[in-house]
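Values reported hereafter were calculated over all heavy atoms of this structure, with side chains retained and with hydrogens, waters and symmetry mates removed.
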Amino acid sequence: MSGAYDAVAVAAVALATVLVGALGLRVSRTTDDFYVASRTVRPGLNAAAISGEYLSAASFLGIAGLVLAHGADMLWYPVGYTAGYLVLLVLVAAPLRRSGAYTLPDFAQDRLESVTVRRIAAVLVVGIGWLYLLPQLQGAGLTLRTATGAPRWAGGAVVSVVVAADVAAGGMRSITLVQAFQYWLKLTALLVPVVFLLLVWHGDGSPGGPAAVHATVTGGGTGPHPLYATYGLILATFLGAMGLPHVVVRFYTSPHGRAARRTTLVVLVLVGAFYLLPPLYGALARVYAPDLAATGDPDAAVLVLPERMIGGTGGELLGALLVGGAFAAFLSTSCGLTVSTAGVLAQDVLPSVGVRSFRWATLLAVAAPTALTLSAAGLPVADTVGLAFAVAASSFCPLLLLGIWWRGLTPPGAAAGMLAGGGLALGAVAATIAGWPRHGWPQALMAWPAVWSVPVGFATMIAVSLATRGAVPPGTTAAMHRLHRPEPVPPTPRDPAGVPRPWRGAGR
């Protein structure tokens with residue numbers, strides 16, 4: 001690859017991120033601006049922003065790498081990542097917006113009237129946020145090293161500095177504009193090169209074909225128990241999306257519950273369109289770059305294909321576009337994670353609440369995962385993100401579903417369920433990152449904990465709540481009414497002459 005083109009692409013994306021974020025900085029003044037953009041983000045912009053932060057290093061690099069290494073079984077990743085928004089749409093999006101909360105700990109305390117539950121939720125939000133940030137910084141290091149030969153830590157350092165500057169300066173309002181811009185940049189960065197790559201593949205006589213996706217490259221499957229691993233992946237991705245703090249916090253920025261639902265519908269379209277592309281890179285890499293799987297670097301498949309298949313200046317330019325898109329993925333997801341984590345740190349850890357506290361919390365939110373990046377360097381990018389999904393599915397999924405739809409949930413039940421499901425999943429994640437255990441069923445159980453940790457979370461939450469019926473908060477009826485009350489249909493706007501105009505939503 002040409003280091004000069006790639007370095008220019010990285011610099012251009014970083015500069016564009018700062019400049020777009022500066023647009024939000026001009027109007028970010030209040031606490032509401034920093035936490036939830038004053039709850040005025042329209043569905044189209046919000047959907048692009050959610051898609052921008054959701055499509056992370058695991059999506060841009062990791063899925064292609066897993067398809068290269070393991071074949072068609074890994075297509076469950078994009079399916080699960082997308083299908084999780086169906087659950088959000090049907091069960092969570094509108095009630096969560098009606099709650100009026102800033103963060104998941106806010107929701108937990110408002111619904112259950114318990115400071116203890118709030119503190120447990122805050123610890124889990126920070127843990128999930130840091131765990132999800134690790135692969136973003138790891139992927140940034142891989143990208144910059146592959147593109148320019150820079151040290152592996154350099155990419156993560158660039159992402160950390162840009163993200164900290166953007167988030168601390170403008171909060172959620174700035175990040176909304178940044179993430180929406182970066183979604184379209186990432187989509188373009190994958191779509192344009194793959195058109196040329198497919199033309200080259202067709203000109204070569206379409207080698208491999210569909211059989212290449214099913215062929216064995218590194219042994220196939222996802223370990224010694226592939227069926228169990230598949231179920232663990234499906235459960236974690238289907239249920240984990242609703243518990244990801246950086247995704248959930250974006251629904252608080254919608255003007256009302258209907259806007260939150262419309263946002264989710266648009267997200268399904270945008271995310272689904274994006275996920276058509278990474279598997280194509282993985283399939284092409286099985287034909288043109290199978291050696292990457294053997295050398296333990298499959299996540300680099302997206303970045304090296306233009307050079308392998310096209311070469312020359314054209315290949316270098318397309319490669320630089322992919323490098324820029326990859327950095328957009330790291331930056332957009334890292335921005336969302338930093339906003340959600342900093343919001344919790346500012347409210348529940350640092351002594352004061354306000355804009356200044358939020359800015360100090362931003363530095364802490366970025367510094368910790370940056371220091372921990374090297375400890376997860378041996379894990380594939382998408383696998384690390386899958387672990388974060390498992391923790392979210394085991395802790396916040398039971399809390400949200402039962403908190404929104406069951407009056408009988410009690411503070412002791414919620415606390416016990418989050419500690420049991422989320423705690424066990426976090427323990428399994430820590431063991432997996434540490435490389436223990438290495439073989440057999442113990443390794444599979446630790447690497448894919450959602451199969452057992454999600455049922456443990458739900459069962460514990462329900463059982464303890466039933467055993468402590470007398471602890472149902474006195475404000476439960478009012479809280480449930482707030483979450484589920486029908487929203488009034490807005491009146492039809494009329495022009496000065498009294499002629500009805502098409503309604504464009506509340507909050508104008």
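To the nearest 0.5 Å, atom OH of residue Tyr288 and atom CD1 of residue Ile310 are 10.0 Å apart. Rounding to the nearest 0.5 angstrom, the gap separating the CG atom in Leu104 from the CG atom in Leu96 is 7.0 Å. Summarising the geometry, atom CE belonging to Met309 is positioned 5.0 Å from atom CG belonging to Leu197; distances are rounded to the nearest 0.5 Å. Between atom CG of residue Leu55 and atom CG of residue Leu270 there is a gap of 9.0 Å, rounded to the nearest 0.5 Å. Atom CZ of Phe238 sits about 9.5 Å away from atom OG1 of Thr82, to the nearest 0.5 Å.
Side-chain contact check for Thr176 and Asn46: no donor-acceptor pair (N or O, by modelled atom type) lies under 3.5 Å.
Using a 4.5 Å heavy-atom cutoff, the side chains of Leu426 and Leu124 are in contact. Residues Ile63 and Tyr281 fail the side-chain proximity criterion, which asks for heavy atoms closer than 4.5 Å. Counting only heavy atoms from C-beta outward, the side chains of Leu284 and Trp201 approach each other to under 4.5 Å. For the pair Leu292 and Val304, the minimum side-chain heavy-atom distance is below 4.5 Å. Side-chain contact between Leu265 and Tyr85: absent, with no pair of heavy atoms (C-beta onward) separated by less than 4.5 Å. At least one side-chain heavy atom of Tyr5 sits less than 4.5 Å from a side-chain heavy atom of Thr313. Between Phe327 and Leu144, some side-chain heavy-atom pair lies under the 4.5 Å cut-off. Here the side chains of Val267 and Leu89 are not in contact, with every heavy-atom distance at 4.5 Å or above.
When ring centroids are compared, Tyr77 and Tyr275 stay outside the 6.0 Å threshold.
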* Asked: Can you check side chain to side chain donor-acceptor pair (under 3.5 Å) on Asp110 and Ser99, steps first, answer last?
  -> CA-CA 8 Å; Asp110 292 348; Ser99 72; over 6 Å; no
* Kindly determine whether Thr103 and Val125 satisfy side-chain contact (heavy atoms from CB on, under 4.5 Å), including the steps that lead there. => CA-CA 9 Å; Thr103 62; Val125 165; over 6 Å; no
* To do: Determine, stepwise, if the pair Ser51 / Phe274 fulfils side-chain contact (heavy atoms from CB on, under 4.5 Å).
  => CA-CA 9 Å; Ser51 302; Phe274 180 92; over 6 Å; no
* To do: Given side-chain contact (heavy atoms from CB on, under 4.5 Å), test Phe107 with Val248 step by step and report yes or no.
  => CA-CA 11 Å; Phe107 169 83; Val248 171; over 6 Å; no
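Nearest heavy-atom pair, Pro279 versus Val67, reported as atom, atom and distance to 0.1 Å: O-CG1, 4.2 Å. Between Pro245 and Ile128, the closest heavy-atom pair is CD-CG2, 3.7 Å. Minimum interatomic distance between Tyr54 and Val247 (heavy atoms only, all atoms of both residues): CD1-CG2, 3.8 Å. Contact record, Ala326 with Leu61: CB-CD2, 4.5 Å, taken as the closest heavy-atom pair. Here the closest non-hydrogen pair linking Pro193 and Leu322 is CG-CG, 3.9 Å. Closest of all the heavy-atom pairs between Ala94 and Gly257 is CB-O, 3.6 Å.
Of the possible polar contacts, one joining the Trp130 side chain to the Ala365 backbone as a donor-acceptor pair under 3.5 Å is found. In this structure a side-chain-to-backbone donor-acceptor pair under 3.5 Å is missing from Arg98 to His256.
Ion pairing between Arg111 and Asp106 fails under the 4.0 Å rule for side-chain N and carboxylate O. Contact check on Asp291 versus Arg308 returns a salt bridge, with a Lys/Arg side-chain nitrogen under 4.0 Å from an Asp/Glu carboxylate oxygen. Salt-bridge formation is detected for the pair Arg118/Asp348: a Lys NZ or Arg NE/NH1/NH2 atom is positioned less than 4.0 Å from an Asp or Glu carboxylate oxygen.
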Under 3.5 Å, which donor-acceptor pairs link side chains of residues 387-394 to any protein atom two or more places apart or in another chain?
| unit_1 | atom_1 | unit_2 | atom_2 | d |
| --- | --- | --- | --- | --- |
| Ser394 | OG | Ala390 | O | 2.7 |
| Ser394 | OG | Ser453 | OG | 2.6 |

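Here side-chain hydrogen bond (donor to acceptor under 3.5 Å, both in side chains) pairs that include residues 179-190, with residues two or more places apart or in two chains, are Thr17-Gln182, Glu53-Gln179, Gln179-Arg250, Lys186-Ser332.
The only member of Thr432, Ile234, Leu233 that meets side chain to side chain contact (heavy atoms under 4.5 Å, CB included) when paired with Trp448 is Leu233.
Ring planes of Tyr132 and His246: perpendicular class, angle over 60° (limits at 30 and 60°).
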